[in-house]
Amino acid sequence: VSVWVCVCLSVCLCLFGCVCACLFVCVCLGVCACVSMCLSISVCVRLSVCVSFCLHVCLFACLYACVCVLLCVFALVVYRLYEEFPIMSNGESNLTQLYTKEAVDFIQARQNNKTPFLLYWAVDATHTPIYASKPFLGTSQRGLYGDAVRELDDSVGRILKALSDADLDNNTLVIFSSDNGGATYAKTEGGSNGPLLCGKETTFEGGMREPTIAYWPGRIPANSVSHQLGSLMDLFSTALTLGGVDIPSDRIIDGIDLSPALFNASIVDRPIFYYRGNEMMAVRVGIYKAHYWTWTNSIDEFNNGVDFCPGEVINNVTSHDQVNHTLQPLVFHLGQDPGEKFPLKSHSANYKAAMQIIEPIVANHKEKLVPGEPQLNKCDPAVQNWAPPGCEALKKCLPVPEHKQTDCTWPH
């Protein structure tokens, strides 16, 4: 839309410029004729003067057209490329405001459109490098990270207001969540996971358990709390159900429909499997969680200052070696011990009762699991976005290297 608006505006400006140029030519010719007649200048001289004026007018028109073309190109580049939105040394950047405006405009455009829509709004201001726009800089006691969180909070409010103003809030499900826990290794530039153990990159609760808010006035009771075990993969199945689309049966779908939990306060009994790479590290069933492997990060990384569990040292749990507990998994009661600090004694009744439920679930999972080839196992420099659309106008297209697949190395 922005590109076409600019094109139309430029065309109008060009037409206006041509009209002005024609009027200017007429005036020049008139002046030239009057002067030549009054001063009895020869026909040859009169023609020379008139031609000179016409050439100047043509030059003006060409320059004007070039400016209009540049305006169109600039609009095309800004609309299609986001590589040149800088983050200042003090952390100032306007990108969250741009993301928010896009979301609000998207909603407003659908005010009179009765068809279903999906808005996936994934902002990254709290992900390194952290940034916030000028009105939010220095407004929190949490530093730049807190400023970014405050701006995200404000943006969510603006998006919800746009839904309400468009009279769409009573017919729209809003989900607010995250892809992982806070990056505790980032120290003051990462989030806090409260009482939960460790953070991002781990399969402890601090790395995998995120707060999630579901909002739908008139459908989801306000101030209600659900203890349903959920995964972001469930949003796919839930969206299909709400859209009246059957969940595909010709392939394995990992997520489940969360509608019963959202609208009927029902609990769907299901396990959650925690993977790191190709390895099943842990499983949660109900209130119990069993760790089959534990690992934070390598001792080399730790010695270089990268700590996934700062200030949290639990023997045989937060280890820098990959510890195999498959023969006797570590089991935690997450209701009584959400921080995973006190594993149940293997000879206790609670441990035995929990494992009696967990073991067949894990066995069934591994028996029926059809392993796929993880896409991130192979690295190929050619698949990166070297020449995105619009780069020609910026003259910043990079040469695409030849395809060369290698085994990726992921230290975590």
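A donor-acceptor pair under 3.5 Å links the side-chain atoms of Ser178 to the main chain of Asn180, judged by distance alone. The backbone N or O of Ile314 lies less than 3.5 Å from a partner atom in the side chain of Thr318, making a donor-acceptor pair. With hydrogens and angles ignored, the 3.5 Å screen pairs no side-chain donor or acceptor of Glu340 with any backbone N or O of Leu197. Judged purely by atom type and a 3.5 angstrom limit, Asp321 has no side-chain atom pairing as donor or acceptor with the backbone of Val323. The backbone N or O of Val268 sits less than 3.5 Å from a side-chain atom of Gln228, completing a donor-acceptor pair. A donor-acceptor pair under 3.5 Å is absent between the side-chain atoms of Thr238 and the main chain of Asp257, judged by distance alone. With hydrogens and angles disregarded, no donor-acceptor distance shorter than 3.5 Å links the side chain of Arg209 to the backbone of Asn193. Looking only at distances, no side-chain donor or acceptor of Trp295 sits under 3.5 Å from a matching main-chain atom of Thr203. Of the possible donor and acceptor atoms, one in the side chain of Asp234 sits under 3.5 Å from a partner among the backbone N and O of Ser231. In this structure a side-chain-to-backbone donor-acceptor pair under 3.5 Å is present from Thr241 to Ser237.
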Check the pair Cys408, Asn377 against side-chain contact (heavy atoms from CB on, under 4.5 Å), reporting the backbone distance first and the verdict last. CA-CA 5 Å; Cys408 296; Asn377 276 9; 5.9 Å; no
Stepwise side-chain contact (heavy atoms from CB on, under 4.5 Å) check, Tyr145 with Thr126: CA-CA 6 Å; Tyr145 186 89; Thr126 54; 3.8 Å; yes
Please lay out, stage by stage, how Leu334 and Tyr288 fare under the test side-chain contact (heavy atoms from CB on, under 4.5 Å). CA-CA 6 Å; Leu334 296 181; Tyr288 292 100; over 6 Å; no
From CA spacing to verdict: side chain to side chain donor-acceptor pair (under 3.5 Å), Asp147, Ser140: CA-CA 5 Å; Asp147 299 343; Ser140 79; 3.0 Å; yes
Under the side-chain contact (heavy atoms from CB on, under 4.5 Å) rule, what do Glu92 and Ser133 come out as? Steps first, then yes or no, please. CA-CA 5 Å; Glu92 180 184 345; Ser133 62; 5.8 Å; no
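Minimum heavy-atom separation, Ser346 to Tyr351: O-CD2, 3.3 Å. Contact detail for Phe236 and Pro248: the closest heavy-atom pair is CE2-CD, 4.4 Å. Pairing each heavy atom of Val283 with each of Pro271, the nearest pair is CG2-CB, 4.3 Å. Scanning both residues, Pro329 and Ala290, for their nearest heavy atoms gives CB-CB, 4.2 Å. The minimum heavy-atom distance between Ala148 and Ala125, with the atom names listed, is CB-O, 3.8 Å. The shortest heavy-atom contact between Cys198 and Glu312 is N-OE1, 2.9 Å.
The pair Lys200-Asp179 fails the salt-bridge criterion, with no side-chain N (NZ, NE, NH1 or NH2) lying under 4.0 Å from an Asp/Glu carboxylate O. Looking at Lys378 and Asp407, a side-chain N of the basic residue comes within less than 4.0 Å of a carboxylate O on the acidic one, giving a salt bridge. Classification of Glu201 and Arg276 as a salt-bridged pair fails, no side-chain N sitting under 4.0 Å from a carboxylate O. Under a 4.0 Å N-O distance rule, the pair Lys341/Asp337 does not qualify as a salt bridge.
The shortest side-chain heavy-atom distance between Ser177 and Glu210 falls under the 4.5 Å cut-off. Contact annotation: the side chain of Glu205 approaches that of Arg284 to within less than 4.5 Å [non-hydrogen atoms, C-beta and beyond]. Using a 4.5 Å cut-off on side-chain heavy atoms (C-beta onward), Tyr292 and Met281 make no contact. Ile175 is listed as a side-chain neighbour of Thr212, based on a closest heavy-atom distance under 4.5 Å. Using a 4.5 Å heavy-atom cutoff, the side chains of Leu229 and Arg270 are in contact. A heavy-atom distance below 4.5 Å is not found between the side chains of Thr296 and Ser319. Using a 4.5 Å heavy-atom threshold, the side chains of Asp124 and Tyr131 count as touching. Residues Ile220 and Leu173 have side chains in contact (heavy-atom distance under 4.5 Å, counting atoms from C-beta outward).
Summarising the local packing, CZ of Phe176 is surrounded by 12 or fewer heavy atoms from other residues, nucleotides or ligands at distances under 6.0 Å. Around CG of Asp250, the count of heavy atoms belonging to other residues, nucleotides or ligands within 6.0 Å exceeds 12. Atom CG of Asn264 is surrounded by more than 12 heavy atoms from other residues, nucleotides or ligands within 6.0 Å. Around atom CG of Asn385, more than 12 heavy atoms belonging to other residues, nucleotides or ligands sit under 6.0 Å away.
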Between side-chain atoms of residues 297-309 and protein atoms elsewhere (two or more places apart, or another chain), which donor-acceptor pairs fall under 3.5 Å?
residue	atom	partner	partner atom	Å
Asn297	ND2	Glu301	OE1	3.4
Asn297	ND2	Val306	O	2.8
Ser298	OG	Glu301	N	3.2
Glu301	OE1	His412	ND1	3.2
Glu301	OE2	His412	ND1	3.3
Asn303	ND2	Ile299	O	3.2
Asn304	ND2	Asp300	O	3.1
Asp307	OD1	Cys309	N	3.0

Distance-only criterion, 3.5 Å: show the donor-acceptor pairs between side-chain atoms of residues 158-169 and protein atoms not counting sequence neighbours.
residue	atom	partner	partner atom	Å
Arg158	NH1	Gln97	OE1	2.8
Lys161	NZ	Asp165	OD2	2.7

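Inspection of the Gln322 and Trp293 side chains reveals no N or O donor paired with an N or O acceptor under 3.5 Å.
Phe106 and Trp121 have their aromatic ring centers separated by at least 6.0 angstrom. You'll find the ring centres of Phe332 and His291 inside the 6.0 Å limit.
Rounding to the nearest 0.5 angstrom, the gap separating the CD atom in Gln108 from the CZ atom in Arg110 is 11.5 Å. For the atom pair CD of Glu102 and CD1 of Ile107, the computed distance is 12.0 Å after rounding to the nearest 0.5 Å. Atoms CG and CG, from Leu330 and Asn316 in turn, are 6.0 Å apart once rounded to the nearest 0.5 Å. In this structure, CD1 on Ile253 lies 8.0 Å from CG on Leu240, to the nearest 0.5 angstrom. Interatomic distance, Asn350 CG to Leu344 CG, rounded to the nearest 0.5 Å: 6.0 Å. Interatomic distance, Glu151 CD to Leu137 CG, rounded to the nearest 0.5 Å: 8.0 Å.
For the side-chain contact (heavy atoms from CB on, under 4.5 Å) test with Trp216, the passing option among Thr172, Leu262, Val174, Asn171 is Asn171; the others fail.
The cationic atom of Arg150 (NZ for Lys, CZ for Arg) does not lie both less than 6.0 Å from the six-membered ring centre of Phe136 and within 45° of the ring axis. Judged by a 6.0 Å distance limit and a 45° cone about the ring axis, Lys289 is positioned over the six-membered ring of Tyr274.
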